Protein chains: 2
Amino acid sequence: MGLRERKKWETRQALSWAAVRLAVERGLNNVLVEDIAAEVGVSPRTFNNYFSSKAEAISARHLDRGRQIAAALRARPADESLWEAITHVAVSHAGPDDQRPDPEWTAGVRLMTSEPSVQGEFMKASAAAESELAVAIAERIGADAERDMYPGLVAAAVGAATQVAIQHWLRSDPPVPLTPLLRDALDQIAAGLPQPPTG
Amino acid sequence: MGLRERKKWETRQALSWAAVRLAVERGLNNVLVEDIAAEVGVSPRTFNNYFSSKAEAISARHLDRGRQIAAALRARPADESLWEAITHVAVSHAGPDDQRPDPEWTAGVRLMTSEPSVQGEFMKASAAAESELAVAIAERIGADAERDMYPGLVAAAVGAATQVAIQHWLRSDPPVPLTPLLRDALDQIAAGLPQPPTG
DNA sequence: GATGAAAATTGCTGGTCACGCAATATTGCC
DNA sequence: GGCAATATTGCGTGACCAGCAATTTTCATC
């Protein structure tokens with residue numbers, strides 16, 4: 001990657017990070033685009049060259065995570081079953097497996113899912129990631145994502161599982177780690193939803 | 001329903017409808033809030049009492065549809081299995097079963113899914129509807145939606161199926177009816193996704 | 001019907017945002 | 001070191017969204 005692109009990438013990251021941090025600290029409506037730009041040392045106009053809204057800046061990290069999942073799927077061994085590969089990739093990207101989730105990350109996720117003006121962009125980011133995931137899935141199983149719904153369905157189902165798992169994770173009191181929830185959700189979907197889990 | 005609420009409901013519908021119609025005709029950026037308000041014969045300020053953005057107004061009808069699905073599920077006979085009931089309800093709300101989908105509706109859906117500034121609100125509407133659907137599901141099977149992920153998962157899966165079906169439906173050329181696609185998507189999810197459909 | 005309380009509509013306004021455009025500064029290549 | 005490509009910036013504009021207070025409309029009660 002050229003120096004030029006590297007620097008662009010860095011400013012982008014810095015802006016996104018600053019947006020999240022400030023919004024978590026003060027609440028989103030107490031953060032002006034101007035503040036975020038100042039934090040990074042860049043003009044407000046430049047902020048808008050990178051992101052078309054505060055919400056988009058905040059959601060950018062989420063989008064990157066999603067893209068990483070699609071990329072990671074491509075890197076899984078070819079002899080692994082599709083669902084195994086997906087489960088592995090999704091779970092391993094769901095953060096650390098230990099009992100203490102990073103409080104900053106938690107706060108960021110809570111921000112994205114609770115603040116109405118960010119929710120939309122958050123979901124758009126999820127959808128974009130799912131879309132790339134669908135392509136990766138189609139490649140892996142040799143299907144045509146344009147013609148066949150299956151890759152899209154699997155991707156969307158993974159997104160749905162993630163979404164529900166996160167939701168319950170944020171609600172959990174006392175806090176529980178995310179990964180078991182996600183694994184559980186994926187398993188339920190894999191089992192076919194018509195049968196409620198035995199219990 | 002009192003006359004008061006009825007009138008509010010009517011203006012709300014009128015605003016939403018006008019927003020969609022104008023945006024489809026001219027393109028969203030050529031429609032001002034002022035225009036929508038004028039179309040309905042109401043002040044621009046009043047528009048914002050009903051909706052906090054053009055995008056929200058456009059998505060309102062989609063939200064209503066989703067809510068109807070949740071309501072319809074509650075009305076299904078109790079001896080029907082959950083998945084049967086859901087399939088029936090979802091499919092029967094997916095528009096007419098014939099070959100010629102209402103072009104206005106098609107245009108509206110295409111608008112909501114293609115225009116970036118509406119996508120977010122569109123997805124928020126879907127999420128809100130899914131959330132209500134989850135509650136209805138929990139009631140039906142006697143589960144606690146707060147504690148158990150299953151209702152949320154089923155609701156999210158239905159949303160995912162709908163989303164993917166719509167996507168393929170919009171892409172289809174020559175146009176195909178939506179309902180078979182939706183039924184297919186739901187069936188695939190019901191069957192458990194790890195097994196690609198035989199073919 | 002008339003009346004008064006509750007609620008909806010409206011105009012005004014301030015703060016913010018997002019973007020087009022043109023000028024300027026920076027970068028990377030030769 | 002100079003040049004072309006690209007990034008940053010400042011400025012200006014049009015639009016949006018919400019708070020507030022005033023006005024109009026609705027509805028329940030007499």
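Bear in mind the structure is a predicted one, so any value in this text is a computation, not a measurement. Residue numbers start from 1 in every chain, and the chains themselves are labelled A, B, ... in the order their sequence lines are given, proteins ahead of strands.
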Discussion item. For B/A19 versus B/A57, what's the shortest heavy-atom pair and its separation?
Written reply: CB-CB, 4.1 Å
Discussion item. Does C/dT10 have OP1 or OP2 under 4.0 Å away from a side-chain N or O of B/T46?
Written reply: yes
Practice prompt. Tell me, please, whether B/F47 has B/K54 positioned over its six-membered ring: NZ or CZ under 6.0 Å from the ring centre and within 45 degrees of its axis?
Written response: no
Discussion item. If I take atom CZ from residue A/R140 and atom OG from residue A/S81, how far apart are they, to the nearest 0.5 angstrom?
Written reply: 8.0 Å
Worksheet item: Atom CZ of B/R12 to atom C1' of C/dA8: distance rounded to whole Å?
Response: 15 Å
Response to the item:
Rounded to whole Å, the CG-P distance (A/N49 to C/dC21) equals 14 Å
Worksheet item: Can you tell me how far P of C/dC17 sits from CD of A/E56, to the nearest Å?
Response: 14 Å
Worksheet item: Does a side-chain heavy-atom distance below 4.5 Å link A/K124 with B/P116?
Response: yes
Worksheet item: How would you label the contact of A/Y50 with the nucleic acid (heavy atoms, under 4.0 Å): base, sugar-phosphate, or nothing?
Response: sugar-phosphate
Worksheet item: CD of A/E10 versus C1' of C/dT27: gap in Å, rounded?
Response: 15 Å
Discussion item. Need to verify one output field. Residue with the more 5' nearest nucleotide on DNA chain D, B/V31 or A/P44?
Written reply: A/P44
Worksheet entry | pair A/W105-A/L178: side-chain heavy atoms closer than 4.5 Å | yes
Discussion item. Contact list please: residues 114-128 of chain B against DNA chain D, heavy atoms, distance less than 4.0 Å, in numerical order.
Written reply: none
Worksheet entry | Between C1' of C/dC17 and NZ of A/K54, the distance in whole Å | 9 Å
Fill in: Atom-to-atom span, CG of A/L15 to P of C/dA18 - whole angstrom
13 Å
Worksheet item: For B/R4 and B/E34, take the nucleotide of DNA chain D holding the closest heavy atom to each; which residue's nucleotide lies nearer the 5' end?
Response: B/E34
Practice prompt. Check the distance between C/dC19's P and A/N48's CG and give it to me in whole angstrom.
Written response: 6 Å
Worksheet item: What nucleotide, of C/dA6, C/dC19, C/dG11, holds the atom closest to the side chain of B/R45?
Response: C/dG11
Discussion item. By nearest heavy atom, map B/F47 and A/K7 onto DNA chain C; which one lands nearer the 5' end?
Written reply: B/F47
Worksheet item: To the nearest Å, how far apart are B/K8 NZ and C/dT9 P?
Response: 6 Å
Worksheet item: Going by heavy atoms in the side chains, are B/F122 and B/I58 under 4.5 Å from each other?
Response: no
Fill in: Contact interval (first through last nucleotide) of DNA chain D with protein chain A, 4.0 Å heavy-atom
D/dA5 to D/dC11
Worksheet item: So do the side chains of B/S16 and B/F51 get within less than 4.5 Å of each other, counting heavy atoms only?
Response: yes
Item to complete: Quick one: pull up CZ in A/R76 and OG1 in A/T87 and give me the separation to the nearest 0.5 Å.
Response: 10.0 Å
Worksheet item: Are side-chain heavy atoms of A/V154 and A/W83 found at a separation under 4.5 Å?
Response: yes
